[in-house]
Amino acid sequence: MLTPPDDTLVLRHAVRAFSEACELEARGECARAVGLYKAAFALERALDRDEADWPAWLVGALDACERATDAPLAPLEPARHVELAPARVDPADVCRQLARRHYACVDGLIGAELAAAVGEEIRRAHATGAMAPGEVAGRGAACVAAKRRGDWVAHVRSADAGWAALRAACAEVERLVARLRPAVAIGRASRPMATRYADGARYAMHYDNDCVDAPPHAAPCANERRLTCVLYASLGDWRPGDGGELRIYRTNRTGSPDERHALVRAEIAPVGGRLVLFWSDFRCPHEVLGAWAERLAVTLWFGRTPAPALGDR
Ligand SMILES: O=C(O)CCC(=O)C(=O)O
Ligand SMILES: [Fe+2]
């Protein structure tokens with residue numbers, strides 16, 4: 001009889017290969033990095049058991065990287081307060097960014113007016129006591145060393161009143177993600193989660209789908225989340241010093257603040273109307289830096305499989 005593969009072990013190998021590849025890439029050792037990226041992606045594919053899931057654009061990106069072999073990759077971004085050239089509201093551009101850096105940033109998906117209306121709804125929900133302190137969610141919760149998150153959240157149900165703008169904005173996100181689907185296997189969206197950070201609130205480094213530290217008896221991924229989409233709805237202009245940047249790391253390696261800084265892939269300002277998409281798994285450890293100005297956002301998670309919707313669990 002065939003022994004089923006030990007998914008947890010496979011995933012751990014994938015994570016290790018991926019982390020090492022990131023470090024090699026950061027040092028400009030492109031050829032070795034490509035080899036390890038390929039190993040990591042091949043292992044993750046074995047876990048997915050979904051051949052359609054690793055599309056041509058990803059393979060193409062890796063091949064292009066390999067052709068560059070000895071030429072060091074240009075650094076993607078400096079390590080502090082990255083200002084991005086956002087992707088166009090174009091699925092192909094979003095796919096390219098996701099393949100190359102595991103996250104994509106899109107400005108202009110919704111207009112300033114709708115973004116502000118979403119912000120007002122979140123603000124009103126907070127003022128009327130309809131939000132609760134955020135908790136570390138999912139089966140991975142037990143693996144998270146400490147609850148280090150200071151935001152307020154509301155999981156918006158379809159019957160809840162007072163969220164018309166938020167629903168309209170989420171529909172735009174779903175429309176964009178639907179257009180990624182021929183290239184990327186992504187399932188249905190969760191219930192939207194509205195969040196509010198203020199007074200220095202932050203969310204320490206974590207994965208949304210904590211594959212790495214899942215206990216051996218758990219499934220290899222701690223929950224169903226595959227793609228995280230965060231749409232910012234803060235009112236007014238964001239200025240340096242307001243804080244609340246979304247910081248995405250290359251690996252989850254811990255260390256002194258300086259050592260960790262070297263592993264920063266991007267810092268994204270929570271500008272109203274901006275959308276960030278990133279893989280929920282080990283590819284994107286991230287944190288929310290302390291927010292000193294009110295920081296309002298709505299998050300949708302798209303699952304691995306078409307049903308059931310995450311929020312209905
Ligand atoms: O609001 C953000 O930018 C990300 C928040 C986050 O990481 C989460 O809720 O899991
Ligand atoms: Fe997160």
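As the structure lists them, so they are numbered: ligands from 1, and atoms in each ligand from 1.
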- So, does Arg295 sit close enough to ligand 1 that a heavy atom of it is under 4.0 Å from the ligand? yes

- Message: If you round to 10 degrees, what value do you get for the angle at the Fe ion (ligand 2) between His286 atom NE2 and Asp208 atom OD1?
- Response: 90°

- Message: Using a 3.5 Å cut-off on N or O atoms only, is Tyr232 in polar contact with ligand 1?
- Response: yes

- Message: If we count only N and O atoms by modelled type, under 3.5 Å, do the side chains of Trp301 and Asp208 hold a donor and an acceptor together?
- Response: yes

- Message: Below 4.0 Å, non-hydrogen atoms only: which portion of Val288 touches ligand 1? Side chain, backbone, both or neither.
- Response: side chain

- Query: With a 6.0 Å cut-off on ring centres, are Trp279 and His102 close enough?
  - Reply: no

- Quick one: pull up CZ in Arg167 and CD in Glu174 and give me the separation to the nearest 0.5 Å. 12.0 Å

- Task: Provide the number and element of each atom of ligand 1 under 4.0 Å from a heavy atom of Met193.
- Result: 9 (O)

- Go through the steps to decide whether Leu277 and Val106 satisfy the test side chain to side chain contact (heavy atoms under 4.5 Å, CB included), and finish with yes or no. CA-CA 8 Å; Leu277 309 92; Val106 179; 4.0 Å; yes

- Query: Taking NZ, NE, NH1 and NH2 as the nitrogens, is one of them in Arg124 or Glu121 under 4.0 Å from a carboxylate oxygen of the other?
  - Reply: no

- Item | Atoms of ligand 1, numbered as shown, that sit under 4.0 Å from any heavy atom of Asp208 | 10 (O)

- Around atom 7 (O) of ligand 1, find the nearest protein heavy atom and jot down its residue, atom name and distance. His286 NE2, 2.9 Å

- For atom 8 (C) of ligand 1, the protein heavy atom that lies nearest, with its residue and separation: Tyr203 CE1, 3.6 Å

- Message: I need the atoms of ligand 1 closer than 4.0 Å to a non-hydrogen atom of Val230, numbered in the order shown.
- Response: 1 (O), 2 (C), 3 (O)

- Query: Are His286 and Tyr249 near enough that their ring centres are under 6.0 Å apart?
  - Reply: no

- Message: Looking at Tyr197, I'd like to know if the NZ or CZ of Arg295 sits under 6.0 Å from its six-membered ring centre while staying within 45 degrees of the ring's axis.
- Response: yes

